[in-house]
Amino acid sequence: MDEVQKLEHLSLVSKVCTELENHLGLDDKDLAEFIIDLADKSDNVESFKKALEENGAEFSDSFMTNLHRIILHMKPKPNRPAPTKSDLLSAKFPGLALPNEIPQKLNLDEGKKSKKSKKPKEESSMDVVDDAMAALEALAPSAST
């Protein structure tokens with residue numbers, strides 16, 4: 001355990017001790033650590049309640065549920081890697097964190113096609129626009145009338 005995790009664990013023990021003092025009038029660090037250990041070993045709230053009852057705890061259901069919630073919320077996380085500057089920025093600006101698209105390589109031989117490999121000429125977008133404009137001009141009323 002590193003120092004931060006030790007500090008978080010001590011804070012959790014202190015919080016459980018405070019809850020025990022407020023609800024039962026008990027201030028026992030060993031009991032608090034035992035309860036935390038039971039919560040770590042249990043999978044859910046029901047198994048935590050069952051473990052407490054098997055060990056002689058006479059707590060109310062709401063108090064046991066509250067203890068479990070506090071322990072899960074405050075339990076130190078194991079080996080958290082420190083976030084890097086790029087992680088923080090990508091979390092802050094997710095749209096800007098997308099990778100750049102790699103442009104397709106230009107085929108330099110494309111302009112030097114031989115006459116044998118000529119494909120039929122495809123209409124360019126400018127040809128389509130010119131044809132559309134000519135059709136619209138033909139439909140327009142003449143200025144001489």
Side-chain angles (χ1 to χ4, degrees), residues 1-140:
M1 252 187 195
D2 66 344
E3 290 79 20
V4 174
Q5 287 178 334
K6 287 179 184 176
L7 184 62
E8 288 175 345
H9 181 73
L10 289 175
S11 175
L12 175 59
V13 170
S14 173
K15 179 65 176 176
V16 172
C17 282
T18 303
E19 292 296 319
L20 289 171
E21 175 70 30
N22 289 341
H23 291 296
L24 305 172
L26 298 172
D27 189 18
D28 189 3
K29 179 183 171 198
D30 293 331
L31 178 61
E33 287 184 353
F34 179 70
I35 292 172
I36 291 169
D37 185 57
L38 288 177
D40 285 340
K41 292 178 182 175
S42 63
D43 296 332
N44 53 29
V45 177
E46 296 307 319
S47 62
F48 175 66
K49 289 179 183 180
K50 185 177 177 183
L52 284 174
E53 289 170 356
E54 287 174 356
N55 286 294
E58 298 177 359
F59 302 153
S60 67
D61 281 343
S62 61
F63 180 58
M64 289 188 279
T65 304
N66 189 35
L67 278 176
H68 189 261
R69 182 186 54 79
I70 289 170
I71 292 168
L72 285 183
H73 181 71
M74 293 183 68
K75 185 169 51 171
K77 309 295 187 264
N79 298 331
R80 286 184 285 198
T84 62
K85 184 177 180 182
S86 63
D87 291 340
L88 294 174
L89 289 175
S90 64
K92 197 173 199 179
F93 306 108
L96 297 176
L98 297 175
N100 294 334
E101 292 182 16
I102 300 173
Q104 296 178 354
K105 292 184 179 180
L106 296 176
N107 189 356
L108 298 178
D109 296 333
E110 202 171 63
K112 301 177 183 177
K113 289 184 181 176
S114 64
K115 293 180 182 179
K116 294 179 185 175
S117 67
K118 271 193 177 177
K119 294 181 181 176
K121 183 179 176 186
E122 296 179 10
E123 280 190 297
S124 69
S125 59
M126 288 305 292
D127 291 339
V128 172
V129 171
D130 289 339
D131 291 342
M133 289 302 292
L136 287 175
E137 287 174 357
L139 295 174

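This structure is a prediction, so every number in the text was calculated from the model and none was measured.
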Is there side-chain contact between [X] and [Y], with at least one heavy-atom pair below 4.5 Å?
{"X": "S60", "Y": "H23", "result": "no"}
{"X": "H73", "Y": "I70", "result": "no"}
{"X": "F34", "Y": "V16", "result": "no"}

Closest heavy-atom pair and its distance - [X], [Y]:
{"X": "F48", "Y": "S42", "result": "CB-OG, 3.4 Å"}
{"X": "D28", "Y": "L20", "result": "O-CD1, 4.4 Å"}
{"X": "V13", "Y": "A32", "result": "O-CB, 4.0 Å"}

Taking only distance into account, with no hydrogens and no angle test, what donor-acceptor pairs under 3.5 Å do side-chain atoms of residues 49-56 form with protein atoms, sequence neighbours excluded?
unit_1 : atom_1 : unit_2 : atom_2 : d
K49    : NZ     : T65    : OG1    : 3.2
N55    : ND2    : A51    : O      : 2.8

What is the distance from atom [atom1] of [X] to atom [atom2] of [Y], rounded to the nearest 0.5 Å?
{"X": "L31", "Y": "K29", "atom1": "CG", "atom2": "NZ", "value": "13.0 Å"}
{"X": "L12", "Y": "I36", "atom1": "CG", "atom2": "CD1", "value": "3.5 Å"}
{"X": "R69", "Y": "M74", "atom1": "CZ", "atom2": "CE", "value": "10.5 Å"}
{"X": "I71", "Y": "N66", "atom1": "CD1", "atom2": "CG", "value": "9.5 Å"}
{"X": "N44", "Y": "H68", "atom1": "CG", "atom2": "NE2", "value": "7.0 Å"}
{"X": "K15", "Y": "L67", "atom1": "NZ", "atom2": "CG", "value": "10.0 Å"}

Examine distances only and state if a side-chain atom of T18 and a backbone atom of S14 form a donor-acceptor pair shorter than 3.5 Å.
-> yes
Check step by step if side chain to side chain contact (heavy atoms under 4.5 Å, CB included) holds for L72 and K75.
-> CA-CA 5 Å; L72 285 183; K75 185 169 51 171; 4.2 Å; yes
